[in-house]
Structures are given as structure tokens and as C-alpha cells.
Amino acid sequence: MPKKIKDREDLPVLKISVRNLVEFILRSGDIDNRYSKGAKLDAMQEGSRVHRKIQNSMGKEYHAEVSLSHEINLKKYYLIVEGRADGIIDGDDGNAYTIDEIKGMYDRVDLFEEPVPVHLAQAKCYAYIFALQNGLEKIDVQMTYVNMDTEEIKCFKQEFCFAELDTWFGELIEKYQKWADFSFEWQKTMRDSIEKLDFPYEYRPGQKELAADVYRTLLRKKDLFLQAPTGVGKTITTLFPSVKAVGEGLADKIFYLTAKTMTASVASKT
């Protein structure tokens with residue numbers, strides 16, 4: 001949801017992660033869905049463990065999980081591209097930095113002849129942002145592939161000049177902008193419709209106070225625990241201020257978790 005950047009031109013903001021950006025523009029392949037959700041979760045957990053092991057084995061020159069963010073003024077709004085580089089390695093002379101992108105795989109990494117293009121693009125985005133913000137004329141990019149069964153590692157390293165990254169990144173954003181423009185206009189339509197939204201019923205005793213509590217909780221980024229009997233209108237009284245908060249840029253998404261299908265359908269209809 002668009003928000004305002006402090007001390008910037010008075011424009012709304014759209015955000016996208018580096019990974020989502022490159023996958024949206026560059027990803028290719030089949031639509032194989034043979035892996036279950038459980039298998040994917042196991043792979044994510046194993047991948048995180050392998051990442052940490054590699055990061056912890058590096059020396060003091062290795063800085064793990066470095067947050068990077070870049071703002072682009074697209075006239076109607078700012079596009080913020082952000083993410084976390086797996087590692088940034090200081091060079092011997094203090095200028096030759098390396099962006100390290102780690103990918104855990106179940107494939108035989110020893111057979112890899114070059115990095116997967118979408119993986120390399122993710123690392124190049126981090127390299128561009130870091131080089132831009134630190135005034136670097138050149139920067140190294142390292143793709144570190146590790147087999148999550150054998151923990152065998154294979155690395156690919158390549159040097160890029162900033163001018164090359166600058167042109168490449170500009171073309172990437174140009175390809176994405178038409179989709180960003182669509183998203184921006186759609187969210188504007190959504191915000192306009194939410195702004196006109198009123199509570200659909202007369203408030204029952206206690207409902208107005210609860211709705212205000214939910215809104216304040218979202219505004220202050222706190223947690224609210226509520227216990228109330230069935231039939232008092234908890235669903236509408238929590239969803240309504242949540243929707244209003246999304247319309248005001250206080251939240252991006254609403255997750256409604258329930259143990260029963262019937263309860264889920266009630267929330268959807270509400």
C-alpha cells in the first residue's frame with residue numbers, strides 16, 4: 001500500500017522486493033507443482049540453515065544479511081526496490097567489494113557451468129544499489145551455490161563496472177514500470193473506495209469501542225488480544241477498521257486465520 005516518504009516530494013510509494021522484481025521480469029521455466037507445501041517449507045528451513053552455516057564460516061570481512069533499499073521517482077509515485085544481500089565482503093584495499101548471493105539447491109551444483117540468470121539478476125540488483133550508494137566504479141558479484149544434501153559448494157564470481165549495472169538496472173525498471181503503473185492506479189481505486197466505506201450496521205453495545213481499539217492497535221503497530229462470546233459481531237468489528245487501515249496506508253494485507261471452513265466463509269462474506 002502506498003505510503004509517504006518523509007522529507008521527500010509529496011508522492012505516494014510503491015514497494016517491491018529485489019527478488020520479486022527480478023522473478024516477475026526474468027523468471028522462466030515450467031509450472032511443475034509436484035512439491036507439496038510441506039516439502040517447500042522443509043526446503044526453506046534447510047536453505048536457511050545452510051545460509052547461516054556459510055555466513056558464519058566467513059571471516060570478519062564478511063557482513064551477512066545487509067539491508068539495501070533504492071528509491072526511484074516515477075513522477076506519480078516513488079518505487080522503492082528493497083531487499084537483503086546474503087553477504088557483502090570487504091576488499092583488501094577497502095574499495096573492491098563483493099556482493100555474495102547464496103542459493104541452496106537439491107541439484108548437483110558441480111554440474112553448474114554458469115549462474116541461473118534470475119539468481120544473478122538478484123545479486124546484480126544488490127550490487128547496483130550498493131555501488132550507487134557508496135560511489136563505487138566497479139563491484140564484484142559472487143553466486144554461491146550449495147547442495148543442501150551434501151553441502152558441496154560451487155561459486156561463480158564476476159566483476160561489473162557501475163556504468164554497466166546502471167544501464168542494466170534502468171532497463172529492468174523500465175520493463176517493470178508498466179506493471180507498477182497499473183498497480184498504482186488499482187491501489188488508488190481501492191483507497192478511494194475504502195475512503196467512502198461506512199460501518200454497514202448500527203453499532204451494538206461495545207462494537208464502536210472495539211473497532212476503535214483495533215484501529216489504534218494497527219496505528220501503533222501493537223498486538224491486541226480479544227476474547228468475546230459468539231454473536232457479538234467480532235468479525236465485522238475487527239475487519240472494518242482493518243480495511244480502513246489498509247485504505248490509509250497503515251497496512252498492506254489482512255490475514256484472517258481460522259480453524260474452520262465455515263468461519264472462513266463468514267469472514268469472506270463479511
Side-chain angles (χ1 to χ4, degrees), residues 1-21 23-24 37 41 44 67-84 173 176-270:
M1 173 58 57
K3 299 177 182 178
K4 298 291 178 66
I5 303 178
K6 293 182 179 179
D7 302 324
R8 297 291 192 280
E9 188 177 345
D10 190 23
L11 293 174
V13 169
L14 286 177
K15 291 185 178 183
I16 186 168
S17 70
V18 167
R19 180 169 180 171
N20 286 344
L21 173 64
E23 288 185 351
F24 185 85
K37 291 182 180 179
L41 178 60
M44 288 175 61
S67 295
L68 296 168
S69 178
H70 179 49
E71 302 169 3
I72 307 159
N73 188 333
L74 295 179
K75 296 183 179 179
K76 291 184 179 179
Y77 57 90
Y78 280 99
L79 178 66
I80 295 185
V81 180
E82 58 188 2
R84 285 190 301 178
I173 295 301
Y176 180 70
Q177 186 174 353
K178 63 179 180 180
W179 303 102
D181 287 346
F182 173 80
S183 178
F184 171 76
E185 294 298 335
W186 176 248
Q187 291 193 20
K188 184 176 182 298
T189 300
M190 179 186 68
R191 293 196 308 276
D192 291 344
S193 69
I194 291 175
E195 186 178 355
K196 302 170 185 175
L197 191 64
D198 294 321
F199 196 78
Y201 311 107
E202 285 190 20
Y203 282 107
R204 300 176 188 175
Q207 275 191 314
K208 196 168 187 177
E209 292 79 4
L210 173 57
D213 285 342
V214 172
Y215 182 84
R216 280 195 296 269
T217 299
L218 292 167
L219 179 64
R220 297 170 182 172
K221 302 184 184 301
K222 300 294 184 179
D223 298 320
L224 175 66
F225 293 89
L226 168 69
Q227 181 176 1
T230 302
V232 300
K234 296 189 298 296
T235 302
I236 184 65
T237 313
T238 53
L239 283 178
F240 174 73
S242 299
V243 170
K244 296 294 280 188
V246 168
E248 295 177 10
L250 300 178
D252 295 323
K253 299 179 179 69
I254 299 172
F255 293 88
Y256 193 101
L257 309 182
T258 174
K260 298 180 181 179
T261 303
M262 178 61 68
T263 313
S265 65
V266 169
S268 180
K269 290 176 182 178
T270 299

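Note: hydrogens, waters and symmetry copies are ignored here, and every other heavy atom, side chains too, is used.
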Which heavy atom in [X] sits nearest to a heavy atom in [Y], and how many Å separate them?
X	Y	value
Leu218	Ser242	CD1-CA, 3.8 Å
Ala267	Leu239	O-CD1, 3.7 Å
Ile80	Glu71	CG1-CG, 4.0 Å
Ile236	Pro241	O-CD, 4.2 Å
Thr237	Val214	O-CG2, 4.3 Å
Gly83	Val18	N-CG2, 4.3 Å

Note: [X]-[Y] ion pair, threshold 4.0 Å (strictly below):
X	Y	result
Lys196	Asp192	no
Asp181	Lys178	no
Lys244	Glu248	no

Look at the aromatic rings of Trp179 and Phe24 and report parallel, tilted or perpendicular, splitting at 30° and 60°.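 Judged by the thresholds at 30° and 60°, the geometry between Trp179 and Phe24 is perpendicular.
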Calculate, to the nearest 0.5 Å, the distance between atoms [atom1] and [atom2] belonging to [X] and [Y] respectively.
X	Y	atom1	atom2	answer
Gln207	Tyr201	CD	OH	10.0 Å
Arg216	Lys222	CZ	NZ	14.0 Å
Phe240	Thr235	CZ	OG1	15.0 Å
Gln177	Tyr77	CD	OH	5.0 Å
Leu74	Leu14	CG	CG	8.5 Å
Phe184	Thr189	CZ	OG1	10.0 Å

Are there over 12 heavy-atom neighbours, none belonging to Tyr203, within less than 6.0 Å of that residue's OH?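 Above 12, so yes.
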Would a distance-only check, ignoring hydrogens and angles, find a side-chain to backbone donor-acceptor pair under 3.5 Å from Thr217 to Asp213?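 Yes; at least one donor-acceptor contact below 3.5 Å.
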Ignoring hydrogens and angles, tell me if any N or O in the side chain of Lys234 forms a donor-acceptor pair with the backbone of Pro229 under 3.5 Å.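 Flag set: sc Lys234 to bb Pro229 pair under 3.5 Å.
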Verdict with supporting geometry, Thr258 and Val266, side-chain contact (heavy atoms from CB on, under 4.5 Å): CA-CA 11 Å; Thr258 174; Val266 169; over 6 Å; no
Taking the side chain as every heavy atom from C-beta outward, state whether Arg191 and Gln187 have any pair of such atoms under 4.5 Å apart.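 The answer is yes, as the side chains (C-beta and beyond) meet within the 4.5 Å cut-off.
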